[in-house]
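Quick notes on the structure that follows.
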Amino acid sequence: GESVGLHLPTLSVQEGDNSIINCAYSNSASDYFIWYKQESGKGPQFIIDIRSNMDKRQGQRVTVLLNKTVKHLSLQIAATQPGDSAVYFCAEPWVGYGGSQGNLIFGKGTKLSVKP
Amino acid sequence: SAVISQKPSRDICQRGTSLTIQCQVDSQVTMMFWYRQQPGQSLTLIATANQGSEATYESGFVIDKFPISRPNLTFSTLTVSNMSPEDSSIYLCSVVVRGSDEKLFFGSGTQLSVL
């Protein structure tokens, strides 16, 4: 089955509220995770990454939390803005035999809609 | 990061024809890849574009259907051959930029519709 997946396909939030997008993974050996944002008609844009030796990493208005015990990570967006409306993907490198360096396994994606 | 330019941005093609997509990067890159994103789906790696040699294809993708060239460090093409409606997807070029700590960056994609 798919290694990386998302709990919710859609998320609707009010402008100014905080958003939380969740992701589960199944491979306990996974040691690196990335969040991408994909706006309509554009390619995925790197947001933030985290390595397994960390539990939390903060960027500008975004925080990624990693819970290795339950194999779960989340992306938190503070003070969500209309410009945050997009599909968000979590991804991890495929660690199987023969996997290419650029072979990221992407989750199904969560569509975030921000209501003004 | 890098500026990754893909051409065309979108196209509508007839069944049985072929389309070549170009990817140009403005920075020195260590690796280039081609991904496919089927409608409403996530991304799947097609192949790694190797400079001056044959591309490395992932399971389920073959050279005859998706020939790839990479004549230099910053340019690559992907051809979608003998197209069918099932090939309707977004095709994305992605790169690892030298000095970027191995982060993967994506172009804006080519939206292909096959009639």
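Letters go in sequence order (proteins before strands), and every chain restarts at 1.
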Answer whether the closest heavy-atom distance between the side chains of A:Y36 and B:L104 falls below 4.5 Å.
yes
Is the count of non-hydrogen atoms from other residues, nucleotides or ligands lying under 6.0 Å from A:R61 atom CZ greater than 12?
yes
Determine which residues belonging to residues 106-115 of chain B lie within contact range of chain A, meaning some heavy atom pair is under 4.5 Å apart, and list them by number or answer 'none'.
B:F106, B:G107, B:S108
side-chain contact (heavy atoms from CB on, under 4.5 Å) between B:Y35 and A:L104, intermediate numbers included:
CA-CA 10 Å; B:Y35 276 78; A:L104 293 181; 3.7 Å; yes
Please classify the contact between A:Q38 and chain B as side chain, backbone, both or neither, with a heavy-atom cut-off of under 4.5 Å.
side chain
Can you tell me how far CG of B:L45 sits from CD1 of A:I105, rounded to the nearest 0.5 angstrom?
8.5 Å
Joint hydrophobic cluster, B:F75 plus B:F105, side-chain heavy atoms closer than 4.5 Å:
no
Would you say A:M54 and A:W35 are hydrophobically clustered, going by side-chain heavy atoms of ILVMFWY under 4.5 Å?
yes
Inspect the surroundings of CD in A:Q60 and state if more than 12 heavy atoms from other residues, nucleotides or ligands are less than 6.0 Å away.
no
Can you get from B:I63 to B:F33 by hopping between Ile, Leu, Val, Met, Phe, Trp and Tyr side chains that sit under 4.5 Å apart?
no
Might you point out which heavy atoms bring A:G107 and B:S42 nearest each other, and give the distance in Å?
O-OG, 2.6 Å
What is the minimum heavy-atom distance between B:Q41 and A:F89, and which atoms define it?
O-CZ, 4.3 Å
Taking side chain as everything from C-beta outward and backbone as N, CA, C, O, which of these in B:Q37 sits under 4.5 Å from a heavy atom of chain A? Side chain, backbone, both or neither.
side chain
What part of B:L43 gets within 4.5 angstrom of chain A, counting heavy atoms only: side chain, backbone, both, or neither?
both
Look at the side-chain heavy atoms of Ile, Leu, Val, Met, Phe, Trp and Tyr, link any pair under 4.5 Å apart, and say whether B:L78 and B:F61 land in one connected group.
yes
Side-chain heavy atoms nearer than 4.5 Å, only ILVMFWY residues, links allowed to pass through others: does that put B:I68 and B:V25 together?
no
Closest heavy-atom pair and its distance - A:G43, B:L92
CA-CD2, 3.7 Å
Heavy atoms of other groups near B:K65 NZ, more than 12 under 6.0 Å:
yes
